[in-house]
Each structure stands twice: as C-alpha cells, then as structure tokens.
Amino acid sequence: IKLYDKIMKTKLSLLLLIIPGFIYSQLSHGGKPTTFSPEYLNLFLSNSTNNERTGKIASVNDKIAKHSLPLLDNNVLQSRADSINKACSTCGRSYVAKILPVDIDVKAMASVQYLEDSSKLFLLKIASVTANGMSFKFDKFQLPLGSRLFFYNSEKTMVLGKFNELNNRRQQTFRRQPIIGDTIFIEYFEPFITNIEPKLHLNGISHLFAPNFFNPKKGSNSNSTSQ
C-alpha cells in the first residue's frame, strides 16, 4: 500500500495525465492567425525571412518575445513514465508529459504591435528544446468581445484556434490539447475598445516527452487552422 501511495504521489507531482479525447479542451471557432500574413508578421521581425519550403520562421534578429522552459531529458521522463505505467498496469492510462509550473502574463511578456485602427496584436513564443509538443493551462482567462487567440507551431503545420469571448468560463480557466513542436507561438488580437478586462495568465505548460503521441496517420499534424 505504501508503494502504491508513493507511486500515486509521483504521478501527480511529475507527470501530466493526457485523457483520451482531451475532455478538458474547449471548442475553437475557426479562422487563421493574423501573423500568418507576411504583412503582419514582418511587424515583429527585423532582417528576417520565412523558409519557403517549410514555412518555418527563421530570423537573424527577430523582435518576438520568448520564454524558454528548462531543458528536460525525454529519456529520463519516459523511463519514469514506464515505471509508473508498469506499476499500475490496470489503470488503462499513459503518462506522456511533464507539467512545468510557470507564472506568465501573456500580454505583459509578449511583443506587441499597434495596428492602424488602434487595435493591438500580441505575439509570444514558448520554447522547450526537447519537447515533442506542448499544452497550456491558464488559471486566469477572460477574453473581451472581438478578441482572437491562436496557438501555432513554427512549422505552421498545426494551429489551435481561434478562441474568443465564447470560450470564457465562470471560473476563468482554460486548457488546450497538446500542439506539435518545440516552439509554440501564442498570438492574441485585442480590439481598441474592450467590454471587459482581458486576462491571459499561464500557470502551467506541459512538455510532451512521448515520441509517438501524435500519429500522422490519424491526421493529428494536419494543416487545419481550426482544432
């Protein structure tokens, strides 16, 4: 019993349980990130180019704010996960990511550009060098009418969004399914006039260490702009 309790504590403290179907995910509302357009992306870049073959952002001197997560060894994390899964073979669940606590006010940390109509466009990139993907947990989440929130990887092969005021919840929390990549961009558009105070605070980012979590045959890494 003591061993079982120890294993359960290890599960909760070290690893994120990914539930099949992502029951914690919220519906998106279609659309395309504003910074997919070179006109707007170039506002954030200096002496930069986009890789024409992959679409991956490549910049000699970019101005996009960046938050880097601690370097993690995927082999060590996978070994721990295998031990937990083996000790609880009847649980029917797999542990595939490590939760990293963070304290990120997206608007405060992100680069911002003021557009011609006085609206604002924020862009923040999150990097976890060895990650196969990431997911994001907001403990303060409130979007005003007319706002748009997107997540996309640097290859632009996977996009989550858009999210808007329809995704606001009474408890002001928000979670999304994992997105492929070791560098993820968070784009937020805010209109000039807002009906409520915007809140975008991250308190957790999950580093996906499992190598085969995304199955290309099922289209998990498709070019869809709405997930």
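The residues of the chain are indexed from 1 along the displayed sequence.
Nearest heavy-atom pair, F209 versus N132, reported as atom, atom and distance to 0.1 Å: O-ND2, 3.1 Å. The heavy-atom pair separating A65 from M109 by the smallest distance is CB-O, 3.1 Å. The two atoms that bring T183 and M134 nearest to each other are N-CE, 4.0 Å, heavy atoms only. Closest non-hydrogen pair, S135 versus R176, comes out as CB-O, 3.4 Å. Closest of all the heavy-atom pairs between E187 and L121 is CG-CD1, 3.9 Å. I184 and G181 make their closest contact through CD1-O, 4.1 Å (heavy atoms, listed as atom of the first residue, atom of the second, distance).
In summary, the aromatic rings of Y152 and F36 are positioned with their centroids under 6.0 Å apart.
I196 forms part of no hydrophobic cluster, judged by ILVMFWY side-chain heavy-atom separations under 4.5 Å.
With sequence neighbours left out, L71 forms a side-chain contact (heavy atoms from CB on, under 4.5 Å) with V129, T130. Partners of Y114 according to the side-chain contact (heavy atoms from CB on, under 4.5 Å) rule, which considers only residues two or more places apart in sequence or in another chain, are V112, K120.
Remark: side-chain polar atoms of E165 are not paired, donor with acceptor, to backbone N or O of S147 under 3.5 angstrom. The closest donor-acceptor contact from the side chain of N153 to the backbone of T157 lies under 3.5 Å. Between the side chain of N167 and the backbone N or O of N164 there is at least one donor-acceptor pair closer than 3.5 Å. Remark: the backbone N or O of K63 is paired with a side-chain donor or acceptor of S111 at under 3.5 angstrom.
When side chains are defined from C-beta on, P198 counts as touching Y188, because their heavy atoms get closer than 4.5 Å. By the 4.5 Å heavy-atom criterion applied to side chains, F189 and K162 are not counted as neighbours. Considering only heavy atoms from C-beta on, T34 stays 4.5 Å or farther from F150 through its side chain. By the 4.5 Å heavy-atom criterion applied to side chains, D105 and K199 are not counted as neighbours. Side-chain atoms of F185 and T35, non-hydrogen and from C-beta on, never get closer than 4.5 Å to each other. Counting only heavy atoms from C-beta outward, the side chains of H67 and I126 approach each other to under 4.5 Å. Two residues are said to be in side-chain contact when any heavy atoms from C-beta on lie closer than 4.5 Å; H207 and I205 fail this criterion. Residues F141 and L200 form a side-chain contact, since some pair of their non-hydrogen atoms from C-beta on lies under 4.5 Å apart.
Under the 30°/60° scheme for interplanar angles, the aromatic rings of F163 and F174 are found to stand perpendicular.
Atom CG of L143 sits about 10.5 Å away from atom CD of Q172, to the nearest 0.5 Å. The structure places CG of L160 at 4.0 Å from CD1 of I179, a figure rounded to the nearest 0.5 Å. Here Q171 contributes atom CD and K140 contributes atom NZ; the two are 15.0 Å apart, rounded to the nearest 0.5 Å. In this structure, the separation between CZ on F44 and CG on L123 is 5.0 Å, given to the nearest 0.5 Å. How far CD1 of I84 is from OG of S79: 10.0 Å, rounded to the nearest 0.5 Å. Separation of atoms OG (S154) and NZ (K125) is listed at 9.0 Å; rounding is to 0.5 Å.
Atom NZ of K107 has more than 12 neighbouring heavy atoms from other residues, nucleotides or ligands inside a 6.0 Å radius.
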Candidate pair S128 and D182, rule side-chain contact (heavy atoms from CB on, under 4.5 Å), full reasoning: CA-CA 5 Å; S128 187; D182 58 13; 5.6 Å; no
Walk me through it: do L149 and I186 pass the test side-chain contact (heavy atoms from CB on, under 4.5 Å)? CA-CA 7 Å; L149 178 68; I186 301 176; 3.8 Å; yes
